[in-house]
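Inspection log for the structure reproduced underneath, given as structure tokens.
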Amino acid sequence: MEYNFKEIEQKWRQFWEDNQTFKTDINHNKPKYYVLDMFPYPSGAGLHVGHPLGYIASDIIARYKRLKGFNVLHPMGFDSFGLPAEQYAIQTGQHPAITTEENINTYIRQLKQIGFSYDWSREVRTSEPNYYKWTQWIFMQLFNHYYDKNANKALKISSLIEFFAESGNKTVNAVCDEDTAIFTAEEWNLMGEEQQQKVLLKYRLTFPDESVVNWCPGLGTVLANDEVKDGVSERGGFPVEQKKMKQWAMRITAYADRLIDGLNEVDWSDALKEQQRNWIGRSTGASVRFSVFDARSSGQNSEDLPQTSKNEHRTSIEVFTTRVDTIYGVSFMVIAPELDSVPSLTTSEQKEAVDEYIKWVASRTELDRMSEVKKVSGVFTGSYVINPFNNEKIPIYLADYVLAGYGTGAVMGVPSGDQRDWNFAKHFNLPIVPILDAQKDMDEQADNTKEGKYINSGMINGLTYKEATKVLTDFLEEKGIGKGKIQYRLRNAVFSRQRYWGEPVPVYFKGDLPYLIEESELPLTLPVIDKYLPTETGEPPLGRAEGWKYQGEYEYELSTMPGWAGSSWYWYRYMDAHNENEIASPEAINYWKAVDLYIGGSEHATGHLLYSRFWNKFLKDLGLVPEEEFAKKLINQGMIQGRSNFVYRLKSSEGQGKNPIFISYGLKDKYEVTDLHVDVNIVSNEILDIEAFRNWQPDYKNAEFILEETGSNQGKYICGVEIEKMSKRWYNVVNPDTLVDKVGADTLRLYEMFLGPLEQAKPWNTNGIDGSFRFIKKTWRLFYDDLGNFKVKDETPNPAELKVLHACIKKVEEDLERYSFNTVVSTLMICVNELGALKCSKKAILQELVILMSPYTPHISEELWTLLGNKAGTISYAQFPKFNPVYLVEANFEYPISINGKVRANISFPTDALPSDIEAGVLANEIVQKWLEGKAPKKVIVVPKRIVNVVR
RNA sequence: GCCCGGAUGGCGGAAUUGGUAGACGCGCUGGUCUCAAACACCAGUGUCUUCAUUGGCAUGCCGGUUCGACUCCGGCUCCGGGUACCA
């Protein structure tokens with residue numbers, strides 16, 4: 001009987017389906033374990049061979065943990081809102097829901113084929129109203145909460161309202177907009193409803209915010225920072241520009257400290273944690289307020305005054321600096337051209353130049369700006385500020401190297417201590433004042449070191465960096481013109497997208513003010529629209545929905561939520577996927593708690609993984625979830641890159657009607673050739689299947705080939721290789737369906753794990769898959785002889801066989817516990833090879849081998865399990881074999897050798913060479929004496945028997 | 001520029017705590033089976049030297065610590081990822 005994977009895999013897929021084998025329920029008698037994959041966006045291309053890599057690993061852990069007696073939650077779902085389905089809708093008019101549904105069906109079929117042990121009854125789809133109802137509900141909670149710094153958590157906005165009514169906001173220590181004014185209880189109570197609501201928006205954790213955002217005209221929507229790569233949109237690669245717009249924002253900055261601190265308690269890779277820390281970018285420094293030089297009071301010509309300054313000119317500019325110690329070196333101030341205060345700081349003489357500069361800055365895209373980083377540009381505003389430490393008059397410039405979005409959008413320029421400031425000063429001929437005695441060559445470049453004593457620095461002359469910083473900060477605080485401050489790079493997250501295919505925001509507007517719809521009216525479902533494009537007046541697509549008004553009267557919010565909304569809490573929905581009254585029942589949440597193992601790509605480091613941590617912390621503040629961090633352990637599987645093959649067409653054979661001639665790789669340099677991609681599926685070990693190639697494309701039907709002339713590949717056509725992204729147009733996409741059809745799902749699973757360490761990025765290469773297939777066939781032969789007779793006997797195993805088995809058990813268990821998936825495959829292969837060599841077909845051995853293999857090769861393992869007479873479909877519950885060390889007799893005993901009281905060496909002997917410890921000690925001594933001859937040690941002591949080093 | 005990884009045979013990779021470097025697989029070579037091929041099986045396979053034994057050299061480069069270094073330390077080179085006028 002042949003190993004017939006098609007039949008076997010089909011049979012067990014059906015069995016699992018019929019018996020709902022992987023359905024999981026709460027079970028308080030078992031420890032729980034939650035293994036989660038990052039759910040995919042169901043794209044139209046279906047799964048390629050890279051997708052399942054992480055899923056296979058997580059499935060192995062899920063199956064392993066079940067074998068160890070855990071109650072395992074292992075779900076799968078779909079992040080089904082997103083741009084591609086909507087882009088497709090724009091082109092074809094097909095509703096994105098239909099496209100999405102079709103794609104999901106393909107995904108499910110492919111996933112089931114590979115034999116994942118998901119509990120499909122818990123599947124979630126973020127684009128289903130019964131799911132996004134709860135995404136909207138969480139949004140409403142964010143709107144209804146503010147962040148209290150004293151309690152260090154989110155609290156109800158209603159309690160803030162009560163507090164305002166009683167004591168105003170002066171003593172409130174909460175995260176709010178920088179420009180929030182102080183008011184008393186009396187003033188609060190005198191405010192109208194509208195005024196009060198406006199104030200509250202400054203505190204709410206989600207709020208409409210007028211800010212500089214990444215606007216992508218190509219996609220017609222704003223994007224978050226993590227959705228922009230190198231100045232273009234991550235999806236589609238369209239240019240992105242900076243634009244000031246009113247958008248929903250999430251006050252993620254309120255959680256900045258907790259997001260940094262929480263990283264210490266999770267088992268994630270250092271690289272990823274570091275990436276998040278950098279993204280949050282906590283920097284310690286000080287804020288300093290510079291008062292604007294008032295020309296009137298100093299008796300200057302009033303024509304010089306800023307034009308709009310009559311009533312509302314700014315009296316001071318605040319900057320943030322990490323180097324307050326350099327304050328005496330300030331020779332100019334730079335502010336971002338986008339700031340509101342620019343006009344009020346511009347004098348009439350400079351107005352023309354300033355306007356021109358602002359226009360120029362606005363005309364540049366992110367990409368332009370980034371590529372011209374080195375170029376100095378800027379313009380003088382005509383105004384000055386006063387350095388509070390030495391009362392010097394300092395000119396204010398505009399320059400686009402200062403970002404409106406970071407700090408206050410204003411920077412003090414210290415050319416001696418900062419290279420960019422130095423460049424700027426050189427360009428505009430501003431003074432460069434050395435402030436440390438160690439600074440000499442100010443003509444060449446800035447010196448940002450903190451070594452030496454201060455000079456030219458008033459009150460800090462002669463002090464060191466540490467002393468100076470303290471003196472200055474104290475002075476600032478005493479005078480009330482500044483203070484020590486912690487600044488974050490992290491911005492509040494933009495939460496609107498001007499697109500159709502996303503969660504509607506459950507908000508309507510009365511005039512300018514947003515109000516939440518009633519909770520009982522959730523979900524607010526997507527309305528039907530005629531076209532998936534912005535309206536003629538430039539409103540988002542939802543503006544097309546006819547009669548879509550709250551209570552028939554008020555405008556709904558027309559933008560939708562961003563892609564990360566639905567994915568920021570989905571792991572809770574799996575716990576209780578069909579709950580209609582809550583995100584999930586408290587019972588379920590308190591049982592499953594948090595994700596024990598999360599597997600997915602590192603590309604989500606500063607997006608999904610950060611937002612999810614943020615929402616999780618918020619949900620914890622609400623008392624809805626028990627854990628501060630949602631994923632205890634995270635593994636980033638490496639990306640699978642494409643591996644393209646090339647053929648080389650002779651240039652003279654190109655053109656209409658000519659017979660194409662192809663030159664083999666080894667000879668191509670002798671001819672003029674064109675490199676052409678060839679379908680990797682008709683190339684094996686770089687050898688082209690010529691027949692298949694001729695049939696591949698009609699043009700090649702009569703192709704001729706110049707083959708290798710020498711070496712082991714003589715007479716073959718060899719293709720070239722390059723590593724590229726997996727993409728249809730390079731013909732390098734390897735589809736799991738094809739492989740499952742050729743060698744079966746078990747082989748595919750085994751092979752993907754065998755490729756190398758999970759975390760490592762690697763090109764896909766089907767070359768070695770035969771080895772995995774062979775391993776499975778060898779396993780099969782332990783059960784059947786050449787004639788197809790079942791040969792397993794119920795006999796007592798001998799020590800040699802037990803030794804092979806137990807060595808395998810030990811290694812498999814150790815490696816799985818440290819997530820070393822590839823070495824497990826090697827171990828299993830060794831075990832099968834050795835059992836084959838021993839001609840071992842004993843039931844006691846084989847049934848344990850089958851269990852060891854089952855996480856990797858579920859289908860054939862289930863089949864063999866039944867063949868061994870065990871009940872069908874039951875390799876599940878606490879059956880992982882026990883490691884029995886008795887049979888690991890062949891060990892090395894190690895002898896540490898001391899010379900002059902210090903352990904200098906270890907010598908080890910296999911036990912079978914050692915009749916006794918004493919003899920071993922003597923032997924070791926003799927060897928050491930010989931070995932050390934000439935080195936003349938005073939005394940050599942051998943301490944017998946220490947450690948047992950297990951060898952196979 | 002800054003931060004984080006990595007570099008081991010022809011190839012993918014192993015070596016878990018400083019202790020036999022190259023497990024396992026691919027490929028290749030030879031053999032068995034076959035009329036022949038494919039499949040399968042068996043053996044060999046870092047490199048130099050040698051008929052062979054043996055021996056020398058080998059984990060990107062230079063140096064250090066150690067009885068002993070792929071592993072630890074210092075200094076480079078190259079590759080990959082992240083991030084960027086972040087004040």
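Here is how names work: the chains are called A, B, and so on, in the same order as the sequence lines, proteins then strands, and each is numbered from 1.
As judged by a 4.0 angstrom heavy-atom cut-off over every strand, A/Arg774 is placed among residues touching the sugar-phosphate backbone only.
Candidate nucleotides B/rG27, B/rC41, B/rC86 were compared by shortest atom distance to the side chain of A/Tyr406, and B/rC86 ranks first. Ranking B/rC26, B/rC86, B/rC4 by closeness to the A/Asn767 side chain, first place goes to B/rC26. Checked against B/rA87, B/rU83, B/rA15, the side chain of A/Thr606 finds its nearest nucleotide in B/rU83. When distances are taken from the side chain of A/Thr321 to each of B/rC4, B/rA87, B/rA15, the shortest belongs to B/rA87. In this structure, the nucleotide among B/rG12, B/rA40, B/rA87 sitting nearest to the side chain of A/Phe754 is B/rG12. When the nucleotides B/rC3, B/rU16, B/rC41 are ranked by their closest atom to the side chain of A/Asn278, B/rC3 comes out on top. For A/Glu274, the listed nucleotide lying nearest its side chain is B/rC3; candidates were B/rC3, B/rA87, B/rA14. Each of B/rA87, B/rU83, B/rC24 was ranked by its minimum atom distance to the side chain of A/Ser826; first place goes to B/rC24.
Residue order along RNA chain B, read from the 5' end via each residue's closest nucleotide, puts A/Lys762 first among A/Gly768 and A/Lys762. Positionally, the nearest nucleotide of RNA chain B for A/Glu814 lies more toward the 5' end than for the other of A/Glu814 and A/Tyr401.
The shortest distance between the side-chain N/O atoms of A/Arg781 and the OP1/OP2 oxygens of B/rC41 is below 4.0 Å. Within the 4.0 Å cut-off from OP1 or OP2 of B/rC11, not a single side-chain nitrogen or oxygen of A/Arg643 is found. The side chain of A/Arg420 places an N or O atom within less than 4.0 Å of a non-bridging phosphate oxygen (OP1 or OP2) of B/rC86.
Using Watson-Crick or G-U wobble geometry with both donor-acceptor distances under 3.5 Å, B/rG68 finds no partner in any strand shown. The base-pairing partner of B/rG5, taking Watson-Crick or G-U wobble contacts with both distances under 3.5 Å, is B/rC79. The partner of B/rG44 is B/rC28, judged by Watson-Crick or G-U wobble contacts that both fall below 3.5 Å. Across every strand in view, B/rC86 sits unpaired, with no contact that passes the Watson-Crick or G-U test at under 3.5 angstrom. Pair check for B/rA14 finds none; no Watson-Crick or G-U wobble contact set falls under 3.5 Å. B/rA38 is unpaired under the criterion used here, namely a Watson-Crick or G-U wobble arrangement in which both key atom distances are under 3.5 Å. Taking a pair to require two hydrogen-bonding distances under 3.5 Å in either a Watson-Crick or a G-U wobble arrangement, B/rU59 remains unpaired.
A salt bridge is defined here as a Lys NZ or Arg NE, NH1 or NH2 lying under 4.0 Å from an Asp or Glu carboxylate O, and A/Glu814 with A/Lys811 fails to meet this definition.
Rounded to whole Å, atom C1' of B/rC24 lies 12 Å from atom CG of A/Leu750. Atom OH in A/Tyr819 sits about 18 Å away from atom P in B/rA14, given to the nearest Å. Atom pair A/Leu53:CG and B/rG12:C1' shows a separation of 14 Å (rounding to whole Å applied).
The aromatic ring centroids of A/Phe428 and A/Phe332 lie 6.0 Å or more from each other.
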